[in-house]
Number of protein chains: 2
Amino acid sequence: MPEVLDHDIREKFRRSGYTLTSQRRAVLEALSEARGHPSAEDVYLVVKRKNPRVALGTVYQALSVLEEIGVIESKHWSDSPTRYDLNLVPHLDVRCVRCGEVAEVPGVEMGDIDQQIQANTPYEVTRTAMLIEGLCPKCSGERNGA
Amino acid sequence: MPEVLDHDIREKFRRSGYTLTSQRRAVLEALSEARGHPSAEDVYLVVKRKNPRVALGTVYQALSVLEEIGVIESKHWSDSPTRYDLNLVPHLDVRCVRCGEVAEVPGVEMGDIDQQIQANTPYEVTRTAMLIEGLCPKCSGERNGA
DNA sequence: GACCCAATCAATAATCATTCCTGAAACGGA
DNA sequence: TCCGTTTCAGGAATGATTATTGATTGGGTC
Ligand SMILES: [Mn+2]
Ligand SMILES: [Mn+2]
Ligand SMILES: [Zn+2]
Ligand SMILES: [Zn+2]
């Protein structure tokens with residue numbers, strides 16, 4: 001198991017005032033095990049394997065705290081529960097509309113889109129995100145096969 | 001009232017095989033009246049003013065049909081019900097995280113982002129969208145005033 | 001104009017992700 | 001150890017959306 005709880009994470013907890021409880025640690029570990037982009041439910045199932053007493057609500061709370069202090073990120077697709085991501089480096093993710101699998105899309109240059117957006121609206125822009133849907137190779141192949 | 005039911009729309013109904021019922025026409029009209037980016041509930045309230053018998057479920061059904069045949073578009077933000085838009089020209093919209101108001105963001109050049117995305121994933125990309133959140137001028141001003 | 005059939009509708013129940021609530025437990029400092 | 005605060009587990013509640021179902025409608029046919 002990689003060193004999930006590095007200095008950076010401990011520091012973010014310290015600065016935020018939140019305590020690093022065993023449940024929050026467990027959620028963090030589950031998130032790094034389930035190397036994909038798990039939903040709250042997915043995380044819950046992993047956490048429960050080691051500690052059957054945790055409730056789904058607790059996982060939601062923990063995820064919310066972790067996101068608030070900037071340790072994880074959430075991504076939202078319509079027609080799907082929220083997915084969580086340990087990868088804090090800005091990047092794009094694509095979700096298969098058929099099976100739900102999420103994969104990263106590296107190497108896309110977004111350029112100055114964010115500045116362009118801010119320059120063209122009187123709103124104070126607080127968040128921008130690229131939403132990508134598609135068919136994964138497996139589902140794309142099965143479309144009229146299997 | 002502008003000519004909402006232009007040739008284009010009638011033609012899309014004809015080609016799809018769906019019939020242009022009074023309820024669907026009412027939803028379309030409500031959508032063009034509520035010149036913003038109304039939710040299904042918003043549309044429902046407008047429709048109900050003229051025909052109190054329509055049910056919310058009917059509005060959802062009508063919106064779904066209208067989107068399917070390409071007469072309207074839906075946009076999704078987390079923490080908000082789906083918004084519907086008569087403006088079919090590709091464009092960006094920003095939503096105020098405080099009051100929920102949606103406004104268009106003109107003049108942003110997305111460049112070849114979509115091609116870049118498709119070139120960098122084995123997925124067959126079926127949809128991309130830019131999600132923008134912010135504070136509208138009014139809410140931004142009130143942040144530490146009013 | 002009466003009749004027929006398929007499409008559509010209204011009303012309501014069900015679903016599902018997420019949040020809220022409550023009393024109990026754990027933690028940290030005086 | 002005692003106290004106040006934070007966190008937790010469990011379960012109920014919420015809110016948007018979808019599914020179900022039986023009734024209604026409307027357009028074509030005789
Ligand atoms: Mn990712
Ligand atoms: Mn718009
Ligand atoms: Zn797939
Ligand atoms: Zn606002």
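Chain letters run A, B, ... following the sequence lines, proteins first and then strands; every chain starts at 1. Given the structure is predicted, the values throughout are model-derived calculations rather than measurements.
The stretch residues 65-72 of chain A has no heavy atom under 4.0 angstrom from DNA chain C at all.
At a threshold of 4.5 Å between side-chain heavy atoms, the hydrophobic network of Ile, Leu, Val, Met, Phe, Trp and Tyr places A/I9 and A/I69 in one connected group.
The distance between atom CZ of B/R83 and atom P of D/dA16, rounded to the nearest whole Å, is 11 Å. Spacing between atom CG of B/D42 and atom P of D/dA16 amounts to 10 Å, rounded to whole angstrom units.
Among residues two or more places apart in sequence or in another chain, the side-chain hydrogen bond (donor to acceptor under 3.5 Å, both in side chains) test is passed with A/N51 by none. A search for salt bridge (Lys or Arg N to Asp or Glu O under 4.0 Å) contacts involving B/D42 returns nothing, not counting sequence neighbours. Evaluation of the side-chain hydrogen bond (donor to acceptor under 3.5 Å, both in side chains) rule for A/S74 yields A/E67, A/H76 as partners, not counting sequence neighbours.
Rounded to 10°, the helix from C/dG1-D/dC30 to C/dA30-D/dT1 has 20° between the axis fitted to its first five pairs and the one fitted to its last five.
Checked by atom type, the side-chain pair B/S140/A/E124 shows a donor-acceptor distance below 3.5 Å.
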Test side chain to side chain contact (heavy atoms under 4.5 Å, CB included) on B/V125 and B/D114; report intermediate values, then the result. CA-CA 9 Å; B/V125 176; B/D114 284 5; over 6 Å; no
Could you give me the CA-CA distance, side-chain angles and deciding distance for B/E11 and B/R15, then say whether salt bridge (charged side-chain N to carboxylate O under 4.0 Å, His left out) is met?
CA-CA 6 Å; B/E11 181 62 17; B/R15 272 205 301 269; 3.3 Å; yes
With sugar-phosphate taken as primed atoms, P, OP1 and OP2 and all else as base, the protein-contact string of nucleotides 4-18 of chain C at under 4.0 Å (heavy atoms; B, S, -) is ----SSBS-----SB
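Contact detail for B/W77 and B/L131: the closest heavy-atom pair is CD1-CD2, 3.1 Å.
The closest donor-acceptor contact from the side chain of A/Q23 to the backbone of A/V54 lies at 3.5 Å or more, if one exists at all.
Test B/E68, B/R24, B/K12 against B/Y18 for side-chain hydrogen bond (donor to acceptor under 3.5 Å, both in side chains) and you get one pass: B/E68.
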